[in-house]
Amino acid sequence: MAKHILAIDQGTTSTRSIVFDARAQAVATAQSEFAQHYPQSGWVEHDPVDIWRDTLATMKEAIAKAHLQPADIAAIGITNQRETAVLWDRETGEAVHRAIVWQDRRGAPLCARLKEEGHEPLVRRKTGLLLDPYFSASKLAWLFDEVEGLRARAEAGELAFGTIDCFLLWRLTGGKVHATDATNASRTLLFDIHAQDWDDELLGLFGVPRAILPEVRDNAGVFGETVPDLLGAAIPVAGMAGDQQAAVVGQACFDPGSAKSTYGTGCFLLLNTGEEAITSDHRLLTTVAYRLNCRPTYALEGSIFVAGAAVKWLRDGLGLITHASQTDDMATRTEDNGGVYMVPAFVGLGAPHWDPDARGLITGLTLGTTAAHVARAALEAVAYQTHDLAEAMVEDGAAKLETLRVDGGMAANDWLCQFLADLLDLPVERPAMLETTALGAALLAGIGIGLWDGPEAVAKLDRKLDRFEPHASAGRRASLEGWRRALRQALA
Ligand SMILES: Nc1ncnc2c1ncn2[C@@H]1O[C@H](COP(=O)(O)OP(=O)(O)O)[C@@H](O)[C@H]1O
Ligand SMILES: O=P(O)(O)OC[C@H](O)CO
């Protein structure tokens, strides 16, 4: 019997497919970076054609690298960059516009207007989110308001909306299944996380026709089967979750109070709050961590929009490094930060500030500043923001963190992990397999086909961890002060 699981991880900058065996060990990976489009300041788009091309290509490559046949794959799990909105023609399956990415700020004027009109308390109560262009709804509203003919076509039932999970599911099943999962739905601003249903009042607020919406399902369970022609076999898609929520599963954060922080393009700290949907006093988000057997488990989330993206900018924007991993050595070589702070507000600031207009800055430059100081400042900024969010969660009374579990591409950076442990004064645990997002999708798919019984079985799987213990750091408080000063300047 086929026992391998294939996970698709469609991230902000790259698309990966990873094959896992029945012990949830990764046996083959294929990855492809794709183009980012920045048509205007604050706008970010992806071409769904690229996303689909790379998904298919990496799936085939990963299966071949694992020396398997498509029929050896028992199930597929999908995880994805969240909030990114795709609108496509139901007849042809072609997108009617490039995908508007989570980082895109074009919905800011609409969110500001709705805030002014006093709608935020309602939105917050129902969705657990805030009125910010980060989420899908204002992106959709922009499409309907700005692209001629789309609204009429949507109302006539000709168009389908989905986050990337949903778009990929549609394509993989040959247009047979239009469904998403509760975690992705919970990031749209259109979904009531308590009722677990799309909400007419919210749809009215953003002018989104109900006819475009997918069905919302649990994270584990068979969503549909791939069209045999695509891969050479009909394979069930049996798990789907937004990438940050998939990482919660991959890190086995099943107990209330357990937390993980994923460092990819952005950084997202999620704390499991169990069956209770806690409302933050610090403008953190309340979101669905996962939903199994129709029962949602909730999380508090702190969303940092720029983490690895700052390192990517050092590489692609400034040409200061040629590979992201160089920042580890550069930071290690510096005695201290030389008074240099970076606030990487390239696309505004997320939690707890939610300021779409904030822009990035580097302060404290002197003639003694070196490239290494700037690289260190980029890494430190990610740690300071994590610190601020963790502090907010504790103040919200959600839990006292005992350890922080980290993952994502940027967590490969040892210097960052140690700095995090020192700054948070907490042990930081890093799994040897950093692709916990893909692992989470694979585990959900495995649960979906009955390979594992549920979270308890998943929590018992072998996981190798690196642990970074906190060392007393005299400069810790002082450096936080410097960070706060820089932050105030960026927010001014
Ligand atoms: N050793 C490293 N040190 C610092 N940043 C890194 C390192 N390796 C990768 N990164 C950063 O991590 C990000 C890639 O992480 P990944 O989890 O693949 O992101 P995503 O899923 O958002 O595409 C990139 O932005 C890259 O700059
Ligand atoms: O691409 P990532 O891994 O930074 O994740 C993006 C998030 O899902 C956006 O909410």
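Just so we're clear, the structure is a prediction, and the values are computed from it rather than from any experiment.
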- Message: Testing the 3.5 Å rule here: is there a donor-acceptor pair between the side chains of Q81 and D243?
- Response: no
- Would you call R187 and S303 a side-chain contact if the rule is heavy atoms closer than 4.5 Å? yes
- Query: In terms of side-chain heavy atoms, does Y341 have a donor or acceptor partner in S479 at a distance below 3.5 Å?
  - Reply: no
- State, without any angle test, whether H282 and D396 hold a side-chain donor-acceptor pair at a distance under 3.5 Å. yes
- Do we see a donor-acceptor contact under 3.5 Å between the side chains of T55 and T15? no
- Cut-off 3.5 Å, side chains only: do S17 and T58 have a donor facing an acceptor? yes
- Query: Going by atom types alone, do D255 and N272 pair a side-chain donor with an acceptor below 3.5 Å?
  - Reply: no
- Query: Do T386 and Y384 have side-chain atoms, one donor and one acceptor, less than 3.5 Å apart?
  - Reply: no
- Message: Taking the ring of F20 and the ring of H4, is the distance between their centroids below 6.0 Å?
- Response: no
- Between K115 and L131 the two heavy atoms that sit nearest each other are CE-O, 3.5 Å
- Is the W142 to W43 ring centre distance short of 6.0 Å? yes
- Query: Any idea how W354 and F305 line up, ring-wise: parallel (<30°), tilted (30 to 60°), or perpendicular (>60°)?
  - Reply: perpendicular
- Message: Is a donor from one side chain sitting under 3.5 angstrom from an acceptor on the other, for Q245 and N219?
- Response: no
